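None of the values given here were measured: they were computed from a predicted structure.
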Amino acid sequence: DPEMSSGIAENIALAHDLKDALRLRPEELTLFYQPLFELRSGRLLGAEALMRWTHPIHGMIAPGVFIPVAESRGMMTMIGNWVLTEACRQIRSWQKDGLHFSGRLSINIAAQQIEDAFFPDLINEIIRAEGLEPRLFELELTESGMMKNIEQSIDMFTQLNAAGFSLAIDDFGTGYSSLAYLKRLPARKLKIDKSFVQDMVEDINDHTIVATIIAMGKTLGMRTIAEGVETRAQADALLALGCDEVQGYHFGRPEPAPVFAEKWLHAVGR
């Protein structure tokens with residue numbers, strides 16, 4: 001099929017260009033930061049680091065386009081290392097500028113990364129090379145990624161937890177995880193997938209799913225965070241259900257480091 005062949009060729013070219021950007025043209029890549037808040041108090045709890053790629057010909061390419069390509073080409077470990085290294089450098093840069101980053105920085109971890117038995121040592125090495133500590137970071141692994149090899153995920157989560165990282169299960173509600181496994185994971189947070197949040201005010205089924213996840217989190221002693229919160233009505237509904245944390249356009253968009261710092265960070269001592 002010519003159309004299928006064309007799509008495959010485009011993906012291969014995109015993967016090649018992304019690999020070149022990671023190795024040779026880092027100026028094409030950057031991290032945006034989206035603030036995370038405690039819902040009841042409105043207190044800033046940290047931020048999530050989100051990778052952005054500006055292609056020299058095609059311009060800004062959405063993560064929803066290049067991340068699946070990277071996953072299919074086995075590039076997620078390379079991307080994960082770049083994201084963590086860049087995030088550490090940014091925190092150190094803020095510190096040198098006298099700015100205080102409160103809470104934790106959330107970093108997405110791919111299933112390909114935790115397949116490496118040396119991943120806990122590698123991530124520790126990257127962080128400590130910048131003079132930082134694991135307690136500053138929250139690692140997010142998607143529920144579906146975790147379930148690809150649940151025993152390996154449990155072992156890896158246990159090692160990372162012992163090293164001092166905070167752990168969260170991302171996109172919760174989409175990966176069909178077993179409660180028998182969930183209770184064995186040393187995760188402190190369930191992140192409610194935005195697909196349930198976006199229609200929860202109008203759709204009783206989505207509202208029920210969100211309520212169930214929040215109740216489950218409380219029973220297991222885990223905090224819950226809703227992503228993709230875009231309206232006041234959604235925030236009010238989540239507050240009524242007892243959700244702990246939120247992120248989304250209603251509270252703050254992902255922004256480049258200088259913009260994020262100007263809006264959300266304050267000088268040490270203030």
Grab the two heavy atoms, one from [X] and one from [Y], that are nearest each other, plus how far apart they are.
| X | Y | result |
| --- | --- | --- |
| Met222 | Ala187 | CE-O, 3.6 Å |
| Ala261 | Leu99 | CB-CD1, 4.0 Å |
| Leu241 | Ala211 | CD2-CB, 3.8 Å |
| Phe32 | Pro254 | CD2-O, 3.6 Å |
| Asn124 | Pro134 | OD1-CG, 3.4 Å |
| Val197 | Ala226 | CG2-CB, 4.0 Å |

Would you compute the distance between atom [atom1] of [X] and atom [atom2] of [Y] and round it to the nearest 0.5 angstrom?
| X | Y | atom1 | atom2 | result |
| --- | --- | --- | --- | --- |
| Phe196 | Ile209 | CZ | CD1 | 4.5 Å |
| His100 | His266 | NE2 | NE2 | 5.0 Å |
| Cys88 | Leu84 | SG | CG | 4.5 Å |
| Asp155 | Ile150 | CG | CD1 | 11.5 Å |
| Thr77 | Asn81 | OG1 | CG | 6.5 Å |
| Ile67 | Met75 | CD1 | CE | 9.0 Å |

Any side-chain heavy atom of [X] within less than 4.5 Å of one from [Y]?
| X | Y | answer |
| --- | --- | --- |
| Arg184 | Glu151 | yes |
| Leu18 | Arg73 | no |
| Ile123 | Gln113 | no |
| Pro256 | Thr30 | no |
| Arg128 | Glu133 | yes |
| Leu31 | Gln90 | no |
| Ile79 | Met51 | yes |
| Glu115 | Met76 | no |

### Of all pairs that satisfy ring-ring contact (aromatic ring centres under 6.0 Å, His included), the ones with a partner from residues 61-94, not counting sequence neighbours
Tyr33-Trp94, Trp53-Phe66, Trp94-Phe101, Trp94-Phe260

### Task
Any ring-ring contact (aromatic ring centres under 6.0 Å, His included) involving residues 104-146? Give me the pairs, sequence neighbours left out, ordered by first then second residue.
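Non-adjacent pairs meeting ring-ring contact (aromatic ring centres under 6.0 Å, His included): zero.
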
Within one Ile-Leu-Val-Met-Phe-Trp-Tyr cluster: [X] and [Y], side-chain cutoff 4.5 Å:
| X | Y | answer |
| --- | --- | --- |
| Phe157 | Ile109 | yes |
| Leu265 | Leu132 | yes |
| Leu45 | Leu190 | no |
| Ile192 | Leu220 | yes |
| Tyr249 | Leu239 | no |

### Message
Pair Glu130, Ile91 - check side chain to side chain contact (heavy atoms under 4.5 Å, CB included), show working.
### Response
CA-CA 9 Å; Glu130 289 293 330; Ile91 291 178; over 6 Å; no

Other residues, nucleotides and ligands only: do more than 12 of their heavy atoms fall within 6.0 Å of [atom1] on [X]?
| X | atom1 | answer |
| --- | --- | --- |
| Arg25 | CZ | yes |
| Glu125 | CD | no |
| Lys263 | NZ | no |

Would you check if the side chain of [X] reaches a backbone N or O of [Y] as a donor-acceptor pair within less than 3.5 Å?
| X | Y | answer |
| --- | --- | --- |
| Asp171 | Asp193 | no |
| Ser93 | Arg89 | no |
| Glu138 | Arg104 | no |
| Lys218 | Gly242 | yes |

For residues 199-206, which side-chain N or O atoms pair as donor and acceptor with protein atoms under 3.5 Å away, sequence neighbours left out?
residue : atom : partner : partner atom : Å
Asp203  : OD1  : Asn205  : N            : 2.8
Asp203  : OD1  : Asp206  : N            : 3.2

### Query
In the hydrophobic clustering that connects Ile, Leu, Val, Met, Phe, Trp and Tyr at side-chain heavy-atom distances below 4.5 Å, which members other than Ile225 occupy its cluster, ordered by chain and number?
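Same cluster as Ile225: Leu36.
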
### Message
Show, in sequence, the C-alpha distance, side-chain angles and deciding distance for Thr224 and Val210, and conclude whether the side chain to side chain contact (heavy atoms under 4.5 Å, CB included) test is met.
### Response
CA-CA 10 Å; Thr224 50; Val210 172; over 6 Å; no

### Message
Check the orientation of Trp264 and Phe37. Use parallel for under 30°, tilted for 30 to 60°, and perpendicular for over 60°.
### Response
perpendicular

### Task
Give me the one residue out of Ile169, Asp170, Ile114 that meets side-chain contact (heavy atoms from CB on, under 4.5 Å) with Leu141.
Ile114

Return a table of donor-acceptor pairs under 3.5 angstrom between the side chains of residues 54-63 and protein atoms on other chains or two or more places apart.
residue : atom : partner : partner atom : Å
His55   : ND1  : Ile57   : N            : 3.0
His55   : ND1  : His58   : N            : 3.1
His55   : NE2  : Asp17   : OD2          : 2.8

Review item, side-chain donor-acceptor pairs of residues 227-238, under 3.5 Å, at least two apart:
residue : atom : partner : partner atom : Å
Thr231  : OG1  : Gln234  : N            : 3.1
Arg232  : NE   : Asp236  : OD1          : 3.1
Arg232  : NH2  : Asp236  : OD1          : 3.3
Gln234  : OE1  : Glu230  : N            : 2.7
Gln234  : OE1  : Thr231  : N            : 3.3
Gln234  : NE2  : Gln198  : O            : 3.1

### Side-chain donor-acceptor pair present, Glu48, Ser106, cut-off under 3.5 Å
no

